[in-house]
Student: 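Next up is a structure, given as structure tokens.
Indexing begins at 1, ligand by ligand and atom by atom, following the structure's order.
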Amino acid sequence: MRNLVIAIDGPVGSGKSTAARRVAELLGYTYIDTGAMYRAVALKALRAKIPTDATEKLVALAASARIDLRAQNGTQRVLLDGEDVTAAIRTPEVSQAASKVAVIEGVRQVLVAEQRRAGASGGVVMEGRDVGSVVFPDAQLKIFLTASDEVRARRRWLEHQQKGDAIDLARTLEEIRERDRRDAGREHSPLVRAEGAVLVDSTAMEPEEVARLIAMLAREIAAPQLR
Ligand code: DC
């Protein structure tokens with residue numbers, strides 16, 4: 001099958017990661033989670049006690065961070081300067097900080113350049129907020145994945161519960177709305193439905209249905225090459 005770039009964008013809890021990972025598995029593609037890169041920069045900043053408004057310092061920090069996304073037994077490991085930070089970047093504190101460092105244009109430029117390198121030869125499923133609009137505006141398949149606020153909050157809350165994080169559902173709903181506002185309201189590369197992106201509402205869909213729908217669309221686009 002032709003090596004497509006598949007861009008999946010959407011708000012928190014829309015099911016992007018689950019869908020993107022599964023689509024990559026179904027098609028034998030590489031899965032790239034761009035949010036993990038913003039999270040890794042945020043974690044490095046929190047550890048270095050750099051405030052989220054110290055723009056220049058954060059751009060330098062993003063440029064100096066070595067972020068590696070590695071596939072391992074069907075999961076993705078995130079390495080920051082050689083350290084496995086896969087679990088450390090998933091706390092509510094890092095989530096909020098990631099959406100704050102993502103507002104900074106210079107930080108975005110550094111990470112977008114890396115994302116373009118990672119997807120240059122195609123055969124990738126890349127998920128984030130601006131993949132179809134900025135990183136790969138010419139991606140052959142763009143998906144804008146969404147779901148109702150309540151369903152997205154419940155999904156995120158269940159993830160926290162499974163990890164033993166004490167956070168209630170109402171607080172989770174507030175947090176995702178706060179992040180949505182920041183991600184969609186920022187000046188540089190806000191979360192938008194990219195031109196040509198297929199809108200998929202996962203509110204009443206099982207993760208497997210979402211993934212198979214996207215894989216089917218991908219096969220449809222790649223099919224002319226097979227004939
Ligand atoms: O997808 P996520 O929740 O792991 O992303 C964490 C934050 O990073 C999110 O609040 C917004 C930001 N982000 C972004 O601005 N652009 C991307 N392509 C991916 C994530």
Side-chain angles (χ1 to χ4, degrees), residues 5-21 31-46 52 55 58-59 61-62 65 67 69 75-78 80 85-119 124-137 139 142-147 149 152-153 155-160 163 165 167 172-194 197 202:
V5 170
I6 303 176
I8 305 181
D9 293 300
V12 185
S14 55
K16 296 186 302 292
S17 304
T18 312
R21 210 177 294 121
Y31 162 59
I32 300 171
D33 172 6
T34 61
M37 300 169 80
Y38 290 92
R39 286 172 179 273
V41 171
L43 177 66
K44 193 170 161 104
L46 286 169
T52 45
T55 307
L58 289 170
V59 176
L61 180 131
I67 304 166
L69 305 179
T75 62
Q76 182 191 247
R77 310 304 301 175
V78 182
L80 171 63
V85 294
T86 311
I89 59 167
R90 298 289 160 194
T91 64
E93 190 192 9
V94 174
S95 299
Q96 289 298 335
S99 111
K100 288 179 188 162
V101 302
V103 166
I104 302 168
E105 189 183 14
V107 169
R108 304 200 68 84
Q109 282 169 355
V110 170
L111 297 186
V112 166
E114 280 187 39
Q115 291 153 15
R116 287 190 178 137
R117 266 195 297 278
V124 294
V125 185
M126 193 175 283
E127 57 128 325
R129 303 290 187 290
D130 62 341
V131 182
S133 57
V134 173
V135 186
F136 283 107
K142 300 183 198 180
I143 304 290
F144 190 79
L145 193 58
T146 187
D149 292 3
R152 295 189 295 114
R155 288 176 185 160
R156 205 26 66 98
W157 176 73
L158 282 172
E159 273 171 30
H160 286 306
K163 286 191 290 180
D165 295 342
I167 180 163
T172 311
L173 180 59
E174 255 172 62
E175 276 203 6
I176 69 161
R177 285 189 170 145
E178 189 184 332
R179 263 210 299 152
D180 282 351
R181 266 196 300 278
R182 210 181 293 119
D183 296 344
R186 68 181 174 223
E187 186 186 350
H188 306 290
S189 315
L191 169 70
V192 284
R193 178 178 170 191
S202 73

Student: Tell me which protein heavy atom sits closest to atom 16 (N) of ligand 1, plus the residue, atom name and distance to 0.1 Å.
Tutor: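 The closest one turns out to be Arg108 NH2, 3.0 Å.
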
Student: Of the side chain and backbone of Arg182, name the one, both, or neither that has a heavy atom under 4.0 Å from an atom of ligand 1.
Tutor: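 Under 4.0 Å from ligand 1, Arg182 contributes no heavy atoms.
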
Student: If every non-hydrogen atom of Asp149 is compared with every non-hydrogen atom of Arg177, which pair is closest and at what distance?
Tutor: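 That would be OD2-NE, 2.9 Å.
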
Student: Tell me: protein heavy atom nearest atom 19 (C) of ligand 1, and distance?
Tutor: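 That would be Thr34 OG1, 3.4 Å.
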
Student: Would you say the side chains of Glu127 and Thr34 form a donor-acceptor pair under 3.5 Å?
Tutor: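 Their side chains do not contain a donor-acceptor pair, so the 3.5 Å distance test is not met.
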
Student: Closest non-hydrogen protein atom to atom 3 (O) of ligand 1, residue and atom name please, with distance?
Tutor: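 Result: Arg179 NH1, 3.0 Å.
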
Student: What residues, two or more places apart in sequence or in another chain, satisfy salt bridge (charged side-chain N to carboxylate O under 4.0 Å, His left out) together with Arg90?
Tutor: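 Checked Arg90 against salt bridge (charged side-chain N to carboxylate O under 4.0 Å, His left out); matches are Asp33.
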
Student: State whether the shortest distance between N or O atoms of Glu127 and N or O atoms of ligand 1 falls below 3.5 angstrom.
Tutor: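 Not met; the criterion fails.
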
Student: Quick one: look at Arg39 and ligand 1, take heavy-atom pairs under 4.0 Å, and tell me if it's side chain, backbone, both or neither.
Tutor: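 For Arg39, the contact with ligand 1 is made by the side chain alone.
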
Student: With a cutoff of 4.0 Å, is Val131 in contact with ligand 1, counting heavy atoms of the residue only?
Tutor: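 For ligand 1, residue contact (heavy atoms, under 4.0 Å) with Val131 is absent.
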
Student: Could you tell me whether Glu159 and Arg155 make a salt bridge, using a distance below 4.0 angstrom between a side-chain N and a carboxylate O?
Tutor: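 Result for this pair is no, no salt bridge flagged.
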
Student: Going by atom type alone, with no hydrogens or angles, which donor-acceptor pairs under 3.5 Å involve a side-chain atom of residues 103-111 and a protein atom two or more places apart or on another chain?
Tutor:
{"residue": "Arg108", "atom": "NH1", "partner": "Ala102", "partner atom": "O", "Å": "2.7"}
{"residue": "Arg108", "atom": "NH2", "partner": "Tyr38", "partner atom": "OH", "Å": "3.3"}
{"residue": "Arg108", "atom": "NH2", "partner": "Asp130", "partner atom": "OD2", "Å": "2.9"}

Student: Give the intermediate values and the outcome of side-chain contact (heavy atoms from CB on, under 4.5 Å) for residues Ser14 and Phe144.
Tutor: CA-CA 9 Å; Ser14 55; Phe144 190 79; over 6 Å; no

Student: Is the closest heavy-atom distance from Arg186 to ligand 1 below 4.0 Å?
Tutor: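 Distance cut 4.0 Å: Arg186 passes for ligand 1.
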
Student: Suppose we measure from atom 8 (O) of ligand 1 to each protein heavy atom; which comes out shortest, and what is that distance?
Tutor: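 In this structure, atom 8 (O) of ligand 1 has Tyr38 CB, 3.5 Å as its nearest protein heavy atom.
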
Student: For atom 1 (O) of ligand 1, what's the nearest protein heavy-atom neighbour? Residue, atom name and distance, please.
Tutor: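 Answer for atom 1 (O) of ligand 1: Arg129 NH1, 2.9 Å.
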
Student: Closest approach of Arg186 and His188, non-hydrogen atoms and distance?
Tutor: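 Minimum heavy-atom contact is NE-O, 3.0 Å.
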
Student: For atom 20 (C) of ligand 1, which of the options Gly35, Ser95, Gly13 provides the nearest non-hydrogen atom?
Tutor: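 Residue with the shortest heavy-atom distance to the ligand atom: Gly35.
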
Student: Counting each atom of ligand 1 from 1 as listed, which ones have a heavy atom of Ala102 under 4.0 Å away?
Tutor: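 Numbered from 1, ligand 1 contributes 12 (C), 15 (O).
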
Student: With a cutoff of 4.0 Å, is Asp183 in contact with ligand 1, counting heavy atoms of the residue only?
Tutor: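 Flag set, Asp183 near ligand 1.
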
Student: For atom 18 (N) of ligand 1, find the nearest protein heavy atom and state the residue, atom name and distance (0.1 Å precision).
Tutor: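 Result for atom 18 (N) of ligand 1: Asp130 OD1, 2.8 Å.
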
Student: For Ser99, take its heavy atoms, then give the atoms of ligand 1 lying under 4.0 Å from any of them.
Tutor: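 Answer, ordered by atom number: 10 (O).
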
Student: Assess the residue pair Arg116 and Val134 against the criterion (side-chain contact (heavy atoms from CB on, under 4.5 Å)); give the C-alpha distance rounded to whole Å, side-chain angles, the decisive distance to 0.1 Å, and a yes or no.
Tutor: CA-CA 10 Å; Arg116 287 190 178 137; Val134 173; 4.1 Å; yes

Student: Which part of Arg90 is near ligand 1, with near meaning a heavy atom under 4.0 Å away: side chain, backbone, both or neither?
Tutor: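 For Arg90, the contact with ligand 1 is made by the side chain alone.
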
Student: Are any of the side-chain nitrogens in Arg193 or Asp9 under 4.0 Å away from the carboxylate oxygens of its partner?
Tutor: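 Judged by the 4.0 Å cut-off on N to carboxylate O distance, Arg193 and Asp9 do not form a salt bridge.
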
Student: Applying side-chain contact (heavy atoms from CB on, under 4.5 Å), run through Ile8 and Val131 and close with a yes or a no.
Tutor: CA-CA 7 Å; Ile8 305 181; Val131 182; over 6 Å; no

